[in-house]
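Heads up, the thing below is written out as C-alpha cells.
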There are 2 protein chains.
Amino acid sequence: MTTILDVCRLANVSKATVSRVLSGNRKVKEDTRDVVMRAVEQLNYRPNQLAQSLATKVSNTVGVLTNGLTDSQLGQVLRQLDSALWGQGRSFILANGVDGAASLADKLSFLASRHCDAILLLGKNYDHRWFDDLDVSDLPPLLTMNQTLDEIDGVQFDQALTAELACNYLYSHGHTQIAVLLESGSGGEQMLQGYRHALENRSLPFNRQMVAQHADGATAISMLINRYIPFTAVLVPDDHQAIEVIRTLAQYNIQVPQEVSVISLMTGIEGERYTPAITGFEVPEEKMLQSLLRLLDDVIKGGGEGGSDVTREFMGKLIIRQSVRTME
Amino acid sequence: MTTILDVCRLANVSKATVSRVLSGNRKVKEDTRDVVMRAVEQLNYRPNQLAQSLATKVSNTVGVLTNGLTDSQLGQVLRQLDSALWGQGRSFILANGVDGAASLADKLSFLASRHCDAILLLGKNYDHRWFDDLDVSDLPPLLTMNQTLDEIDGVQFDQALTAELACNYLYSHGHTQIAVLLESGSGGEQMLQGYRHALENRSLPFNRQMVAQHADGATAISMLINRYIPFTAVLVPDDHQAIEVIRTLAQYNIQVPQEVSVISLMTGIEGERYTPAITGFEVPEEKMLQSLLRLLDDVIKGGGEGGSDVTREFMGKLIIRQSVRTME
DNA sequence: TTGTACGCGTTATCAT
DNA sequence: ATGATAACGCGTACAA
C-alpha cells in the first residue's frame, strides 16, 4: 500500500501538509494543495484508517450486537445500517447471538478491543441479569433499541401507550370485557400499565382475573378460560401468541373473531399471513432505527452530553385486518 | 482504556514481556507469566486491535461486498459469516449494493483503507465490465462466490454441469423435446454448454430454435412459442423465470406440468411456495460459503500461494416437486 | 529469559 | 503557510 510518505516524496512536501490537505482542517496555499492532490490521485492514495484511528482515537466504526432476530429481520436491519453509515464514512462490526452473561461480556469486550465508537444493542431476548455485573466503564457508549434496559440510552417501543391504544380501539368497537395476556418479560408491566390506564380513563373497574401472564400463549389463554370469566376480546403481545391463542380457542369451539376478538400489540408478516389475518399494531422499526442512528451521531460527535431532539419513544401503528369484529 | 503500559507498571515488566505473554509466541518464565496474567485480569486489559493491526499488518478483518441479495439471504449469509469468523477472532465489514464501476471501486477502496485481510464478493448481478479497468494491485485479495468473474479466485456454482443434470433428469422421464431459456448474464453460456453436452451424450441433434435468451421469462417463453416448435419441457435459470413462464403458458392455455414440464436451475423458497411447486436444483449455499471461508483462511494464512484442497465447483441438488411430469 | 529501541501510518503540537 | 517531531498502542529484532 502507498503511504503518506509516498505522497510526500512525490509532492515535495511534509507529512503535515499532506495531512492538512486531505483533512481540510487548516489552510494551505492553492498551489501546494493542487500539487498534493495530483500526487494523491496519481498514486491512488487512501489514508490508512487504522493509523488514523490510532492517532485520533476515532475509529468511525460502530459495533452492532444482535440477538433473537430472524434472517430476514437481520438482513433488513443490517442493510439499513449499511446504507446509513456508508454515507457518513462509517462502517459496522457485527456480533450476533448472545446466550449468557459471559457471552455478552465477551462480545462487548471484542467490540471494545476493536475500538468501536459506540455499540448498538439490537433485537430481542436480552436478559436483564446479563447486564447486572457488567463493567460498562471501559466500554464504548451503549445504545439500545426496543429494549427496556435501564441505564442504557436508546429508543424504545412504548408498549404501555400502544396497549392503551389497543384497548381504546376495542372499546370503540363495542368491546367492554377485555382480557389481556402479558408479555413474560419486562414488557408485561408496561402492557399492564397501559391496560389499566385505558380502564381508568373509562372509569371501569380493574379485574385481575382478566389478566394472565405466561411465555406460552396457549397456556395463558387456557388459564383465562378456566376462570370462567366472560370476555369478548383479548390483547396479546405479538402475532406468535395471537396465533397460539386463536388455535387454542378453536379447541374450545370459540371462533375468532365471531365470538372473541384478538388484537396483537406487535404485528408483522406472521400475522398478515395467518387466517384470520391478525389486527394489531406495527412496530415502526425503520423509523426507530433512523432515530437510533441520529442518537448515535450525537453520541459520537457530542462525545459528552450534547442531548439533541431525537424521538425516543415510539408507538405502534394500527393495522386493521380480520381478527377484531365490531359488537352490535 | 487501559493500555499495555498499565499492565507493565502493575507487573513490573517491560512491554515486550507482556506482549510475549499474551501472544504466546516466545517463552517466558512461569513466575513472570503469572504476574502478568494477574495484572491483565485485574485491569481487564484487552490489546488495542487497531494498534496490533498497524504493527503486524494483519487486521483480522474481512471485507464483505454484497449485491442483489434479498433481506433474508443477506441475513442468512451474514449470520453464517459472523459465527464462522467469530471462532477465529475475526470480524467483517459490510459494503452492500453496487450500482456501477465507480461504486464498485469506491466500496473496494473503502474496504482497502480499512485494511481488510481479504474481500469477499457475494451475491448476484455484478457486471463484468465493472471489473475491466479496476486496479486490483493495491487491494486486498479478492474472493468470489457464485460469480463467474475470471481472474478472481473463489467458489462457483457449476451451471453447466447442473444444466446437464437437469436435461438428463428430463430425458429419464421421457422428455426428448427440451427447450431452454438462458440466463441473460454470463451464466447463459454455461447453461447452453451443459445443455449441448447432454444432447451430445445422447447423440441428439442440437436445434437452436429450442433456445431463447431474455432477462424477462415471459418474453423468452413467448419467443419460443411463436416459433411453433413443439417441446414438452423447458429448462429455466431460476424460480422467478419459472413462474413467469408458467403464467405465460397459462395464457396460451398450456398447463404445467400436464402439457409442458418446467425445471428450474436454481430453485429456492419461491419455487417451493408456488403452485405448482417447482422442481429444480438447489444451490448448496451453506456448503459453498464454508468452502469459501476455508479458501479465505488459506489466503490469509498462506499469504502467498499455499493452495490447499478446497472444493471450488458445486452442483445443484435435485429437489423433486410438481412442475415436471413423467411422459408415458 | 528479559529489556531497549525502533517501526507501523497517521494526526497534532509546536516552532519556523 | 509549512516543516520537524512527538504522540497513538503495539510487535519485534536486537542487545543484554
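Lettering follows sequence order; numbering is per chain, from 1.
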Would you kindly give the [atom1]-to-[atom2] distance between [X] and [N], to the nearest whole Å?
X	N	atom1	atom2	value
A:D138	D:dG9	CG	P	14 Å
B:L5	D:dA7	CG	C1'	12 Å
A:R20	D:dA4	CZ	C1'	11 Å
A:E30	D:dT2	CD	C1'	16 Å
A:N12	D:dG3	CG	C1'	13 Å
B:L22	D:dG9	CG	P	16 Å
B:R33	C:dT1	CZ	C1'	13 Å
B:D34	C:dT1	CG	P	15 Å

N/O (side chain, [X]) to phosphate O (OP1/OP2, [N]) under 4.0 Å:
X	N	result
B:S19	D:dC10	no
B:N25	D:dT12	yes
B:T17	C:dT1	no

Would you indicate whether the side-chain heavy atoms of B:F131 and B:V136 approach each other to under 4.5 Å?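 Result no, sub-4.5 Å side-chain heavy-atom pair not found.
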
Check whether any side-chain heavy atom of A:V18 sits under 4.5 Å from a side-chain heavy atom of A:V13, and report yes or no. yes

Not counting sequence neighbours, list each pair that qualifies as a ring pair (Phe, Tyr, Trp, His ring centres under 6.0 Å) and has a residue in residues 75-122 of chain B.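 Of all non-adjacent pairs touching residues 75-122 of chain B, those that pass ring pair (Phe, Tyr, Trp, His ring centres under 6.0 Å) are A:W86-B:F110, A:F110-B:W86.
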
Would you tabulate the pairs of protein nitrogen or oxygen atoms and nucleotide nitrogen or oxygen atoms of nucleotides 5-9 of chain C closer than 3.5 angstrom?
from: C:dC8; atom 1: O3'; to: B:K57; atom 2: NZ; distance (Å): 3.4
from: C:dG9; atom 1: OP1; to: B:K57; atom 2: NZ; distance (Å): 3.1

About how many Å separate CZ of B:R33 and CZ of B:R20, when rounded to the nearest 0.5 Å?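 Between B:R20 CZ and B:R33 CZ, I get 11.5 Å after rounding to 0.5 Å.
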
For A:N96 and A:T66, does a side-chain donor sit closer than 3.5 Å to a side-chain acceptor?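 Yes, a side-chain donor-acceptor pair sits under 3.5 Å.
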
Indicate, with a heavy-atom threshold strictly under 4.0 Å, whether [X] touches base, sugar-phosphate, or nothing.
X	value
B:V18	nothing
B:S23	nothing
B:S53	nothing

Quick one: do A:R312 and A:D153 make a salt bridge, cutoff under 4.0 Å?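 Yes, this pair counts.
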
Considering only NZ, NE, NH1 and NH2 on the basic side and carboxylate oxygens on the acidic side, decide whether B:D297 and B:R294 come within less than 4.0 Å.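 Looking at B:D297 and B:R294, the cut-off is not met.
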
